Every structure is written in structure tokens, then in C-alpha cells.
Amino acid sequence: MKTKKAGFATRAIHVGQEPDQLTGAVAPPIFATSTFVQQEIGKHKGYEYARVSNPTRDRLEQNLAALEGGVAAKVFASGMAAINAIVTTLKAGDHVVCGHNLYGGTPRLFNQVWADFGLEFSYVDTSEVRNVERAIQKNTRMVFIETPTNPLMALTDIQAVSRVCRPKKVDLVVDNTFMSPYFQQPIALGADMVVHSTTKFLNGHSDGLGGVVVCTRPVQVEKLAFLQKAAGAILSPFECWLILRGVKTLAARMKQHDESGRQVAAFLAGHKKVKKVFYPGLADHPQHDLAKRQMSGFGAMISFETGSLSNANKMLRRVKVCSLGESLGGVETLISHPATMTHAAVGEKGRKAIGITDGLVRISVGIEDVGDIVEDMEQALAGI
Ligand SMILES: *Cc1c(COP(=O)(O)O)cnc(C)c1O
């Protein structure tokens with residue numbers, strides 16, 4: 001389908017989702033095969049071995065490239081495998097400037113794996129563009145950011161950072177997992193690559209892991225395709241199919257996530273036991289204006305301060321509609337405790353430095369009836 005000009009939901013439902021040519025099946029087939037038969041030496045139908053390429057995977061890669069506005073996309077076995085592939089394109093001695101409040105697994109990979117291979121990482125508060133500018137060195141090859149951040153929901157001005165990076169030939173990579181391409185289009189704002197944990201909103205049903213890198217230049221596509229083949233952290237055809245199915249409802253889900261997110265944030269902001277709410281959609285969020293400019297919605301991710309670890313636990317043990325667990329972006333409301341879950345690996349000192357307290361609770365508002373979510377939060381907060 002030629003859908004360059006089609007709307008977002010249309011692209012999500014149709015790009016890479018064309019009916020099967022052989023049978024007319026409306027749902028894309030899962031090509032559960034490791035290899036492909038060849039007609040003669042060197043003559044085949046474009047597929048040789050499933051680590052290199054697979055038709056179900058090709059469909060997903062086309063779809064996700066169309067949603068983010070990239071030239072191509074490459075999918076990997078998880079979000080971390082996708083981020084790892086990006087880092088693998090660097091060389092010993094290269095330097096990366098990172099946001100200081102990334103998904104916990106990202107600095108763990110950078111500091112505990114890649115630092116041993118001679119890559120250098122600096123962490124700065126990228127919500128101030130001049131911090132990025134100052135941190136760029138002669139050997140800086142990449143700036144890696146998340147916006148909004150997890151779990152403190154601080155924003156980085158993607159366009160302003162890209163304007164700092166471009167003249168210095170530094171690649172800007174944006175982890176767009178929290179917003180999904182429905183609410184935020186980093187490539188249109190100047191990003192060189194976009195990465196996602198498809199595990200979250202893109203798949204949307206908490207039933208499979210995956211990761212994607214969306215590219216803006218053929219040289220990136222070549223490198224990442226080579227890494228799929230050479231390192232092999234590819235996504236299985238079944239998982240590709242799950243995400244192809246998930247993205248069909250991405251637009252509809254994100255609209256509801258956003259609407260319910262705003263209502264839950266407003267409820268929390270007015271609750272006397274909640275000391276602070278972190279949500280870019282609230283008028284008192286310090287970057288509310290940037291949020292309105294950079295994103296087309298505020299999404300489903302909210303963090304709030306309960307005051308202490310014991311308060312957080314008093315609340316979390318009472319939830320019934322919300323599920324206590326790691327992860328986010330599913331149709332079900334997931335609630336978590338960053339200090340002991342997603343950001344445990346950051347360490348107490350690291351958490352303190354960026355402001356993740358023991359009383360902080362993060363919620364990924366699902367698409368259940370919002371009244372039921374609010375009622376559940378209300379009865380859970382009564383435990384404090
Ligand atoms: C979950 C997550 C990741 C890691 O993805 P996995 O699929 O769990 O490997 C990376 N970045 C962000 C922002 C995430 O939320």
C-alpha cells in the first residue's frame with residue numbers, strides 16, 4: 001500500500017499488513033521456518049535463512065518505519081537488544097552523551113557491559129540543552145535520550161538537541177517507548193534514529209518482548225541489518241506477528257490511554273495523600289508548554305509521591321484493578337515501584353542524584369473503564 005500520505009491509523013493498519021498474495025489471508029502469515037528452499041545455486045526468492053530475513057519480520061519492519069517516518073526499521077529480540085545493536089555500531093574510544101534518567105536497563109548495559117570495551121558514557125540532565133552542548137567532546141558520536149523520562153517525566157527538547165548535534169556530526173538517538181509514534185515523532189524533530197521497546201505500547205498487550213530501531217539513513221539500515229545477521233538477536237516471526245496485530249489498534253489505544261491518563265493525573269493531583277504528581281499534561285508541570293509543542297498527547301505514564309517506602313507499599317498491596325508489576329504500555333493498568341523495581345540497578349546514590357525517592361509510585365494507565373481505575377486508586381490510597 002502506498003501510504004506516505006495516509007493518516008497514522010491507516011498506515012498502522014495497512015503498511016506491511018497487505019493481504020497474503022497467495023491465499024488472500026487478511027492477517028499476515030507467520031513464516032515459521034528456519035530456511036528457504038533455493039531453485040539453483042544463488043537463485044532464490046529473496047529469502048535464504050531466517051536469521052537474515054523472514055517475510056513476517058519484513059512486514060513489521062516496513063510498518064514501524066512508516067509509523068515513525070524513517071527510511072527503514074530493524075527489529076530485535078527485545079528493547080535492550082535493539083539498544084545494544086545501536087551501541088554495537090560504535091567503536092572503542094567513542095563517547096556517548098546520555099540522559100541522566102534513562103530506563104534502568106540502559107545505563108546498566110552501557111556501564112556494566114560496554115564500558116569494559118572502551119566506550120565512554122557521560123550522563124547529563126538533557127532537559128537543559130546547554131548541558132548536552134557542554135558534554136559533547138571531540139570523540140562524541142552519539143547523544144542518547146528518552147523524553148519524557150522514566151519515571152520522573154522530565155522532557156528534553158528534541159529539536160533543540162538535534163540542532164546542537166547536527167553541526168558536530170553527532171547522532172541523536174531517541175528512545176520513544178513512552179510516547180509511541182502516535183504522540184511523538186522524533187525523526188520529524190531532527191532525530192537520527194529512534195528506538196523502542198515494542199514490548200510496551202506498540203505491542204500493547206503485555207504478551208511479548210521486542211525492540212526496534214528506526215533509521216533515517218541507508219548506512220544505518222545496512223549496519224543494523226548486518227548486526228541482525230552477524231549477532232543474531234532477531235525477533236521471532238511469532239513475536240513480529242503479535243506486534244503487527246498490536247499496532248493495528250495503536251491509534252485507538254493511545255487515544256484512550258491519553259484520555260484516561262489525564263483523568264487519573266487530575267484525580268491524583270487533587271488527592272490529599274499524594275504529595276506530588278509528575279505528568280506533562282498537568283498545567284503545573286515545569287515543561288507543560290514544551291509538552292504541548294513536542295507531543296500531540298500526554299500519554300498514560302504518571303508518577304506520584306506517596307512520601308515513603310512504607311506508604312508506597314501500603315498503597316500497592318491494596319490495588320485490585322491495577323496490577324503491581326514492572327513494565328508499562330499494556331491495555332491493563334500496571335503500577336510499579338521504581339526504587340525497588342525498574343530503577344533498583346541504578347543504586348540508592350544514583351536514584352537520589354536524579355530524584356527517584358522510595359515513596360515514588362509509577363502508573364501506566366490502561367484502557368479499562370477509567371472510573372474503575374480511579375476508584376481502585378482511591379481505595380488503595382486510603383491504606384496510607
Ligand atoms: C522497557 C524499556 C526498555 C527495554 O525494553 P525491553 O523490551 O524490556 O528489553 C527500554 N527503554 C524503555 C524506555 C523501556 O520502557
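Note that ligands are numbered from 1 as they come in the structure, with each ligand's atoms numbered from 1 the same way. All figures in this text were calculated on a predicted structure; none of them were measured in a lab.
- Sorted by first then second residue, the salt bridge (Lys or Arg N to Asp or Glu O under 4.0 Å) pairs that include residues 80-89, not counting sequence neighbours, number zero.
- Sequence neighbours left out, the pairs with a member in residues 106-136 that pass ring pair (Phe, Tyr, Trp, His ring centres under 6.0 Å) are F110-F121, F110-F144, W114-F117.
- Pairs engaging residues 189-237 under the ring pair (Phe, Tyr, Trp, His ring centres under 6.0 Å) rule: F201-H257 [sequence neighbours left out].
- V365 and F298 fall within the same hydrophobic cluster, where Ile, Leu, Val, Met, Phe, Trp and Tyr residues are linked whenever their side-chain heavy atoms come under 4.5 Å apart, directly or through other members.
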* Asked: Going through the checks in order, is the salt bridge (charged side-chain N to carboxylate O under 4.0 Å, His left out) test met by D289 and R293?
  -> CA-CA 6 Å; D289 287 336; R293 207 164 65 232; over 6 Å; no
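- The closest donor-acceptor contact from the side chain of H337 to the backbone of L324 lies at 3.5 Å or more, if one exists at all.
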Could you tell me, for ligand 1, which of its N or O atoms are under 3.5 Å from any protein N or O, listing the pairs and their distances rounded to 0.1 Å?
unit_1: ligand 1; atom_1: 5 (O); unit_2: S197; atom_2: OG; d: 3.0
unit_1: ligand 1; atom_1: 7 (O); unit_2: G79; atom_2: N; d: 2.9
unit_1: ligand 1; atom_1: 7 (O); unit_2: S197; atom_2: OG; d: 2.8
unit_1: ligand 1; atom_1: 7 (O); unit_2: T199; atom_2: OG1; d: 2.7
unit_1: ligand 1; atom_1: 9 (O); unit_2: G79; atom_2: N; d: 3.1
unit_1: ligand 1; atom_1: 9 (O); unit_2: M80; atom_2: N; d: 2.9
unit_1: ligand 1; atom_1: 11 (N); unit_2: D175; atom_2: OD2; d: 2.7
unit_1: ligand 1; atom_1: 15 (O); unit_2: K200; atom_2: NZ; d: 2.8

